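Just so you know, these numbers come straight off a predicted model, no measurement behind them.
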Amino acid sequence: MSKRQKKVYTSKEIKNEIVLLGDILVFKNRGNRKNSYLQIMADITSMITEAAQLFRENVENLEEREKYSKKIKLLESKGDEYTQLLIKQLNKEYFAPMDREDIFHLVTNLDDIMDGIEACAARCVFIDKSTPSLIKFADILVEICKYLQDAFTSLNNREFEALHRIIIEINSLETEADVLLRETLSSLFADPQDVVSLIKMKDIYERLEKTTDAAEDIADVFESMIIKYA
């Protein structure tokens, strides 16, 4: 597994990429609108990666689960703001710089990943202790999010061979999450000591796996974009 850039963009740095005037999204780089869309989606992905890393820290012991849940909620709210503005701008474009459906699917699936992380963090507030499976799911999520960051960089630079390798890694991690869910649920139902706890954990595990599905959907969009633009 190659080393990746660990920099996580702050909200202040993200704001430097775009200017918000009322409810209108104005790109600073009007000369290359395609790159502007990709850069803003990359910035959103950086926020998602930050949320995934916070979630991973949280599930290590869940000692400060309410604090982490609030931090992730702030990131989720900011991500929603950028997502809505980006879609609104796309709807205003007479000629979109890329396939409209590609942009829409990328943005909405990124939003699904952020929503999934936030929802799981909120539900972790109501459980008392972490589990090895919860930590493993969090590790997978962090890896997937880092790959998504690399993917947007590769797409922006038209490095399609690198993008294809990243797609393979994302799909592999999603498959790993599928297997983990099956094994975890099998273990969970094998000896149910507390039905209420079982229901809580089953919900969290399934939401985490569904979150990785959204990343796989993004990988599928990348695959089609390689065919279109390579």
Engineer: Are D111 and V107 close enough that some pair of their side-chain heavy atoms sits under 4.5 Å apart?
Structural biologist: no
Engineer: What's the verdict on side chain to side chain contact (heavy atoms under 4.5 Å, CB included) for D99 and Y229, showing C-alpha distance, side-chain angles and the deciding distance?
Structural biologist: CA-CA 10 Å; D99 189 303; Y229 304 125; 3.9 Å; yes
Engineer: Would you kindly confirm whether L74 and I72 end up in one hydrophobic cluster when ILVMFWY residues are joined by side chain heavy atoms under 4.5 Å apart?
Structural biologist: no
Engineer: Are any side-chain N or O atoms of S130 and backbone N or O atoms of V59, one a donor and one an acceptor, separated by less than 3.5 Å?
Structural biologist: yes
Engineer: Search all heavy atoms of E209 against all heavy atoms of A177 and return the closest pair with its distance.
Structural biologist: CG-O, 3.9 Å
Engineer: Using side chain to side chain contact (heavy atoms under 4.5 Å, CB included), reason through L85 and Q89 one step at a time and then give a plain yes or no.
Structural biologist: CA-CA 6 Å; L85 290 167; Q89 177 65 23; over 6 Å; no
Engineer: Are the aromatic ring centres of F160 and F222 under 6.0 angstrom apart?
Structural biologist: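 No: the rings miss the under 6.0 Å criterion.
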Engineer: Could you tell me whether D203 and R207 make a salt bridge, using a distance below 4.0 angstrom between a side-chain N and a carboxylate O?
Structural biologist: yes
Engineer: Does E57, at its CD atom, have more than 12 non-hydrogen atoms belonging to other residues, nucleotides or ligands within less than 6.0 Å?
Structural biologist: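 Yes - once you tally the heavy atoms of other residues, nucleotides and ligands closer than 6.0 Å, there are more than 12.
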Engineer: Evaluate the criterion side chain to side chain contact (heavy atoms under 4.5 Å, CB included) for residue pair I199 and V196; output intermediate values, then yes/no.
Structural biologist: CA-CA 5 Å; I199 293 171; V196 174; 5.9 Å; no
Engineer: With a 6.0 Å cut-off (strictly less than), is the heavy-atom count around CD of E101, excluding the residue itself, greater than 12?
Structural biologist: no
Engineer: Any chance you could measure I87, atom CD1, to Y82, atom OH, to the nearest 0.5 Å?
Structural biologist: 15.5 Å
Engineer: Are the side chain of S187 and the backbone of T184 linked by a donor-acceptor contact shorter than 3.5 Å?
Structural biologist: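 Answer holds: no.
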Engineer: One thing to verify: whether E60 and R56 come together as a salt bridge, which I'm taking to mean a side-chain N less than 4.0 angstrom from a carboxylate O.
Structural biologist: yes
Engineer: Quick one: pull up OG1 in T175 and CD in E216 and give me the separation to the nearest 0.5 Å.
Structural biologist: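 So the OG1 of T175 and the CD of E216 are separated by 6.5 Å.
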Engineer: Can you tell me if S69 uses its side chain to pair, donor with acceptor, with the backbone of R65 under 3.5 Å?
Structural biologist: no
Engineer: With hydrophobic residues grouped by side-chain heavy-atom distances under 4.5 Å, do F55 and V125 end up in a single group?
Structural biologist: no
Engineer: Evaluate whether atom NZ of K129 has more than 12 neighbouring non-hydrogen atoms of other residues, nucleotides or ligands under 6.0 angstrom away.
Structural biologist: no
Engineer: Answer yes if L198 and F126 sit in the same cluster of Ile, Leu, Val, Met, Phe, Trp and Tyr residues linked by side chain heavy atoms under 4.5 Å apart, and no otherwise.
Structural biologist: no
Engineer: With L148 as reference, evaluate I113, T49, I48 under the side chain to side chain contact (heavy atoms under 4.5 Å, CB included) test and give the passing residue.
Structural biologist: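 Testing L148 for a side chain to side chain contact (heavy atoms under 4.5 Å, CB included) against I113, T49, I48 leaves exactly one candidate, I113.
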Engineer: Given side chains that start at C-beta, do those of L163 and I167 come closer than 4.5 Å, heavy atoms only?
Structural biologist: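 Result yes, sub-4.5 Å side-chain heavy-atom pair found.
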Engineer: For the hydrophobic clusters of this structure (ILVMFWY residues joined by side-chain heavy atoms under 4.5 Å, transitively), does one cluster hold both M201 and F189?
Structural biologist: yes
Engineer: For the hydrophobic clusters of this structure (ILVMFWY residues joined by side-chain heavy atoms under 4.5 Å, transitively), does one cluster hold both I135 and Y68?
Structural biologist: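 Yes, I135 and Y68 fall within the same hydrophobic cluster.
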Engineer: With the threshold set at 4.0 Å, does a side-chain nitrogen-carboxylate oxygen contact exist between E176 and K136?
Structural biologist: yes
Engineer: Could you measure the distance from the CZ atom of F152 to the CD1 atom of I40? Nearest 0.5 Å is fine.
Structural biologist: 11.5 Å
Engineer: First locate atom CD of E159, then atom CD1 of I166, and finally report the distance between them rounded to the nearest 0.5 Å.
Structural biologist: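 Those atoms lie 8.5 Å apart.
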Engineer: Is there a side-chain contact between E76 and D80, using heavy atoms and a 4.5 Å cut-off?
Structural biologist: yes
Engineer: To the closest 0.5 Å, what do you measure between CG (L155) and CG (D150)?
Structural biologist: 12.5 Å
Engineer: Measure the spacing between CG of L141 and CD of E143 and express it to the nearest 0.5 Å.
Structural biologist: 10.5 Å
Engineer: Testing the basics here: between A219 and I170, what is the closest heavy-atom pair and its distance to 0.1 Å?
Structural biologist: CB-CG2, 4.1 Å
Engineer: Using the side chain to side chain contact (heavy atoms under 4.5 Å, CB included) rule, take D178 and E174 through it: C-alpha gap first, then chi angles, then the decisive distance, then the call.
Structural biologist: CA-CA 6 Å; D178 283 344; E174 192 279 331; 3.1 Å; yes
Engineer: Answer yes or no: is there a side-chain heavy-atom contact under 4.5 Å between I140 and L208?
Structural biologist: no
Engineer: Examine distances only and state if a side-chain atom of N61 and a backbone atom of E63 form a donor-acceptor pair shorter than 3.5 Å.
Structural biologist: yes
Engineer: Does the side chain of H105 come within less than 4.5 Å of D217's, by heavy atoms?
Structural biologist: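 Of all side-chain heavy-atom pairs linking H105 with D217, none is under 4.5 Å.
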Engineer: Answer whether the closest heavy-atom distance between the side chains of F137 and T211 falls below 4.5 Å.
Structural biologist: no
Engineer: I'd like to check M114 versus I44 (side-chain heavy atoms, cut-off strictly below 4.5 Å). Are they in contact?
Structural biologist: no
Engineer: Looking only at non-hydrogen atoms, find the nearest pair between L106 and M41 and report the distance.
Structural biologist: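 Smallest heavy-atom distance, with atoms named: CB-SD, 3.7 Å.
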Engineer: I204 and R123: which non-hydrogen atoms are nearest, and at how many Å?
Structural biologist: CG1-CB, 3.8 Å
Engineer: Looking at side-chain heavy atoms only, is the closest gap between L75 and L54 below 4.5 Å?
Structural biologist: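 The answer is yes; the side chains approach within 4.5 Å.
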Engineer: Please find the pair of heavy atoms, one from S133 and one from L180, that lie closest to each other, and give the distance.
Structural biologist: O-CD2, 4.0 Å
Engineer: Side chains of T131 and Y205: do they bring a donor and an acceptor to under 3.5 Å?
Structural biologist: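 T131 vs Y205: donor-acceptor pair found between side chains.
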Engineer: Give me the atom names and distance for the closest heavy-atom approach of L62 to C124.
Structural biologist: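 Answer, listing the atom of L62 first, then C124: CD2-CB, 4.0 Å.
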